[in-house]
There are 2 protein chains.
Amino acid sequence: MRARRNGLQEPGLHAQDGPETASTLAEVAYRQLRADIVSGAYSPGQPLRLETLKQRYGLSFSPLREALNRLQTERLVVTAALRGFSVAPVSVEEMWDVIETRILIECEALKRAIRNGDDDWEAGIVASFHALDLQVRRRSVEKVSDGSDLALLENRHQEFHRSLISACRSHRLLSLADQLHAETQRYRLPMLAGKIPAAPRDVALEHRQIMDATLARDSASAQQFLADHYQRTGKVIEGSVFA
Amino acid sequence: MRARRNGLQEPGLHAQDGPETASTLAEVAYRQLRADIVSGAYSPGQPLRLETLKQRYGLSFSPLREALNRLQTERLVVTAALRGFSVAPVSVEEMWDVIETRILIECEALKRAIRNGDDDWEAGIVASFHALDLQVRRRSVEKVSDGSDLALLENRHQEFHRSLISACRSHRLLSLADQLHAETQRYRLPMLAGKIPAAPRDVALEHRQIMDATLARDSASAQQFLADHYQRTGKVIEGSVFA
DNA sequence: AAAAGAGTTTCTTTCGAAAATTCTCCATGC
DNA sequence: GCATGGAGAATTTTCGAAAGAAACTCTTTT
């Protein structure tokens, strides 16, 4: 067999190695496929031919299939009986289902985090908010939008939202939030790439409102701000992509 | 290759063929493994050796691995890097996490179903309640508890709870409810098998209360009854299994 | 010309074996 | 006596090929 367990750092198209380094090729396949689907490298509905994937990622059937099976249960990939896999299609209805579900999960998680959170939790929120804010400003100044820039911004954004609910003390809520984030990401893509006429909308303010209410332990307001935040995004996308 | 696509009805240890007939062996593996884990054929934490599974189900590595990967994302199976798969362990903390998450999901789904449900929805609830009630009475009269009996009762129970939320109009909520049901099922097993001193508890009444409030479109009460129902079950299990 | 059908091609799915890794257990040294 | 280490066994993971199904094409028939 070829060099396997050694060359696993995988230079990779994406310069982000996850926190825990994968030690099986199936894990590598899962991460890369997921990242590529979420970042729009494949378009919705596009068939994922195994032969193509095999070449693209330099892996063979088994690890790819395992990865695709996992992604299927996360709703990023769909499969018809003997007709292979394809990227999950998109639609307004699905988008709203994702968004509403995400609001349900994250509001509950936020409620619990506000109840349970300690000093470290608060510090984490402030830190990730700051990192996000910095990145937003830098980006708006430089006016460039290359891939890595956008990916970094997106990471900061996710980090901020994750830090808010990190103290909720529920495995399930956290991983559901992760999954739903990946799903919504696909819908936000055209917006992030600037294909949508910049909405008259102060996203930074929305983030600040969420943070302030959270740190003030004002659960109801925080949940409301969070829900509004996601719903506004939905409306912007609905009004342009699905117009 | 051996006779494949033909002999797929699979007599099977469990006499329940799902609604959509699986046409791949990976699908068969998924269903059977899932059913066996949920019904307690394997104990929590038990390693699932591929060689053993291969013999037991008469399948080879590939379909089994695909099934296990899917079950992993459903939290019924856990896996350590190169150390194979095992049945997800159980604990009080995990149990409550499942139950609380289930309450969150199903209460929201119930709320929406009550808002959207039509006549067919109501009819479905009444019908499945009746079927469940009948099965409960029959069982308490005959005093026998063989496997098929218990499985049937459990199906009726699931059907009832599913019918309540069937009109919620969200893919995600419905499939999440399914997954969480499978997880809770593992915890309820000792109770169903009669290993726990029968709690002084009128489950039939609880079901009726949920149904009545739902049909009366009293969303708040229905949600409360539903949440109480699941929480009581949790407490009974907590007080006996994890004592 | 449309429909049906046989043959061809493409793709998925499954298998069994080979490679890589972890586990087990016994000997060895301190 | 107890840690250390290192062969051998057990197990997982990966590969490439073979088998099966669906899609496609091109002919033939009504």
Side-chain angles (χ1 to χ4, degrees), chain A residues 1-10 12 18 20-33 37 42 45-73 76-88, chain B residues 1-10 12 18 20-33 37 42 45-73 76-88:
Chain A
M1 207 164 282
R2 265 101 41 93
R4 269 177 49 195
R5 302 296 145 91
N6 290 354
L8 272 183
Q9 302 82 340
E10 296 283 324
E20 64 283 341
T21 16
S23 53
T24 71
L25 295 184
E27 192 70 19
V28 173
Y30 169 75
R31 294 228 187 122
Q32 293 213 353
L33 267 169
I37 291 171
Y42 305 103
Q46 178 178 347
L48 296 167
R49 296 271 153 60
L50 286 173
E51 193 54 47
T52 314
L53 300 178
K54 196 174 150 180
Q55 291 186 344
R56 169 157 186 172
Y57 299 104
L59 302 168
S60 70
F61 299 113
S62 321
L64 287 171
R65 284 192 129 264
E66 291 187 20
L68 289 166
N69 271 291
R70 285 174 65 178
L71 291 168
Q72 186 200 348
T73 58
L76 291 173
V77 155
V78 294
T79 170
L82 290 156
R83 239 157 288 174
F85 302 88
S86 42
V87 180
Chain B
M1 208 163 280
R2 265 103 39 99
R4 269 175 52 195
R5 302 293 145 89
N6 292 355
L8 273 182
Q9 301 83 339
E10 294 283 325
E20 64 282 343
T21 17
S23 53
T24 71
L25 295 184
E27 192 70 20
V28 172
Y30 169 74
R31 294 225 189 126
Q32 293 212 352
L33 266 170
I37 291 171
Y42 304 103
Q46 178 180 345
L48 296 167
R49 295 271 155 59
L50 286 172
E51 193 55 47
T52 314
L53 299 179
K54 198 175 150 181
Q55 292 186 343
R56 169 156 187 175
Y57 299 104
L59 301 168
S60 71
F61 299 113
S62 321
L64 286 171
R65 285 192 127 264
E66 292 187 20
L68 289 166
N69 270 292
R70 286 175 64 180
L71 291 168
Q72 185 201 348
T73 58
L76 291 173
V77 156
V78 294
T79 169
L82 287 155
R83 240 154 285 174
F85 301 87
S86 42
V87 180

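This one's a predicted model, so the numbers in the text were calculated from it and none came from an experiment.
Here the side chain of B:Ser86 pairs no donor or acceptor atom with the backbone of B:Leu48 at under 3.5 angstrom.
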Side chains of residues 59-69 of chain A: which donor-acceptor partners sit under 3.5 Å, not counting sequence neighbours?
| unit_1 | atom_1 | unit_2 | atom_2 | d |
| --- | --- | --- | --- | --- |
| A:Arg65 | NH1 | B:Glu66 | OE1 | 2.8 |
| A:Arg65 | NH1 | B:Glu66 | OE2 | 2.4 |
| A:Glu66 | OE1 | B:Arg65 | NH1 | 2.8 |
| A:Glu66 | OE1 | B:Asn69 | ND2 | 3.0 |
| A:Glu66 | OE2 | B:Arg65 | NH1 | 2.4 |
| A:Asn69 | ND2 | A:Arg65 | O | 2.9 |
| A:Asn69 | ND2 | B:Glu66 | OE1 | 3.0 |

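Nearer to the 5' terminus of DNA chain D, by closest-nucleotide assignment, is the contact made by B:Leu50 (compared with the other of A:Lys54 and B:Leu50).
The distance from the OH atom of B:Tyr57 to the CG atom of B:Leu33 is 4.5 Å, given to the nearest 0.5 Å. Distance check: A:Leu76 CG to A:Tyr30 OH gives 7.5 Å after rounding to the nearest 0.5 Å.
Residues passing the side chain to side chain contact (heavy atoms under 4.5 Å, CB included) test with A:Arg49, sequence neighbours excluded: A:Pro47, A:Thr52. Applying the side chain to side chain donor-acceptor pair (under 3.5 Å) rule to A:Thr73 yields the partners B:Thr73; only residues at least two apart in sequence or on another chain are considered.
Note: CD (A:Glu51) to P (D:dC15) measures 13 Å, nearest angstrom. Whole-Å rounding puts the B:Leu48 CG to D:dT12 P distance at 9 Å. One can place OH of B:Tyr57 at 19 Å from C1' of C:dT14, the figure rounded to the nearest angstrom. If you take CG of A:Leu53 and P of C:dC11, they are 12 Å apart, rounded to a whole angstrom. Between A:Phe85 atom CZ and C:dT12 atom P there is a gap of 9 Å when expressed in whole angstrom units.
The phosphate of D:dA23 (OP1 or OP2) has a side-chain N or O of A:Arg83 nearer than 4.0 angstrom.
Listed by residue number, A:Ser60, A:Phe61, A:Ser62, A:Pro63 are the residues of residues 60-69 of chain A with a heavy-atom contact under 4.0 Å to DNA chain D.
Out of D:dT13, C:dC11, C:dC15, the shortest distance to the side chain of A:Thr24 is found at D:dT13.
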